[in-house]
Student: 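Structure incoming, see below.
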Amino acid sequence: MDATKTVYVGSIPFDQTEEQVMEIAKSIGPVVDMKLLFDPLTGKSKGYAFVKYTDHETAASAVRNLNNFALGNRMLKCSFSSDNSISSEFGVENGVAGSSGSYEASDSNSLPALPPGMQLFANQTPPQAVSGALSTLDQASAYQLIAEAKQMAKTNPQLTRTLLEQCPQLAHALVETCLLLNMVTPDIIQMCLNKKMTDIDQLSVDHVELLKQVNSLTEAETNSLPEDKRKVVIQIRDEIKKGSYGTIY
DNA sequence: GTTGAGCGTT
């Protein structure tokens with residue numbers, strides 16, 4: 001057992017099965033090992049479990065998110081497992097995001113260690129925390145953030161995908177930053193999420209007009225555009241052809 | 001109702 005990756009979960013209602021506890025544990029991240037303890041004589045749950053995660057940061061996330069989690073008529077208790085057999089080299093982490101360590105990737109095809117998560121305030125939702133963090137960002141930094149994200153997406157789309165999958169709050173932050181900078185509008189975001197729009201009414205009149213204009217550009221007009229803009233026009237036309245925007249005419 | 005088995009003894 002590894003005390004840096006393993007959490008103690010206590011105050012589990014006695015009627016919870018191992019499967020049910022596993023589901024809750026997995027809501028935090030991949031689980032390597034889980035043991036709900038039972039009294040060998042009575043067969044009843046002892047109301048506590050040990051959950052081993054793949055890494056320390058996921059375990060830390062469990063401590064933050066599972067402690068005081070309401071389950072049945074009880075509040076779960078979650079902390080790093082105390083392990084008397086191994087002297088703990090890590091103090092218990094009370095922690096807010098990381099100051100220590102470098103996050104440089106060893107090579108361009110693997111992600112560096114990502115910074116740890118942060119403690120949410122009471123009643124604060126993750127999106128609120130992201131918005132709060134972004135509110136401290138000045139406009140120039142915001143533009144730089146988007147530019148760097150775009151650069152990364154172009155030079156290494158696979159790694160970018162991995163990063164955003166592992167760190168959905170970053171994806172959220174990037175989208176929100178684009179909105180703050182007026183690079184996109186909410187209905188465009190909506191469209192990307194839906195991929196297919198069956199209801200054209202959800203597009204603003206301006207957008208419909210714009211799509212019509214793009215779609216009706218002549219070959220000569222299209223060819224006179226700079227390379228990058230021409231690509232976008234062609235892409236939009238393809239989308240219209242595929243019906244991604246519904247029927248605009 | 002709050003930190004991991006059991007055997008069997010360094």
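Sequence lines set the chain letters: A, B, ... in the order given, protein chains first and strands last, and positions in each chain run from 1.
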Student: Could you name each residue pair satisfying salt bridge (charged side-chain N to carboxylate O under 4.0 Å, His left out) that touches residues 145-171 of chain A, not counting sequence neighbours?
Tutor: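 Output for this query lists R161(A)-E165(A).
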Student: E227(A): what forms a salt bridge (Lys or Arg N to Asp or Glu O under 4.0 Å) with it, not counting sequence neighbours?
Tutor: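 Residues passing salt bridge (Lys or Arg N to Asp or Glu O under 4.0 Å) with E227(A): R230(A), K231(A).
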Student: Show each protein N/O and nucleotides 2-5 of chain B N/O combination with a separation under 3.5 Å, one pair to a line.
Tutor:
residue	atom	partner	partner atom	Å
dT2(B)	O4'	Y8(A)	OH	3.4
dT3(B)	O2	S82(A)	N	3.1
dT3(B)	O2	S82(A)	OG	3.3
dT3(B)	O4	S79(A)	OG	3.1

Student: Restricting to side chain to side chain donor-acceptor pair (under 3.5 Å), what partner residues turn up for T125(A), sequence neighbours left out?
Tutor: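 By the side chain to side chain donor-acceptor pair (under 3.5 Å) rule, T125(A) matches Q128(A).
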Student: Whole Å only: how far is the CE atom of M75(A) from the C1' atom of dG1(B)?
Tutor: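 Value for this atom pair: 16 Å.
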Student: In whole Å, what separates the C1' atom of dT2(B) from that of dG6(B)?
Tutor: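 Pairwise C1' distance, dT2(B) against dG6(B), rounds to 22 Å.
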Student: Which other residues end up in the same hydrophobic cluster as F121(A), if Ile, Leu, Val, Met, Phe, Trp and Tyr are linked when side-chain heavy atoms come under 4.5 Å apart?
Tutor: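 None; F121(A) is a cluster of one.
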Student: Under the side-chain contact (heavy atoms from CB on, under 4.5 Å) rule, collect the residues that match up with S79(A), sequence neighbours excluded.
Tutor: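 In terms of side-chain contact (heavy atoms from CB on, under 4.5 Å), with neighbours along the sequence ignored, S79(A) is linked to Y8(A).
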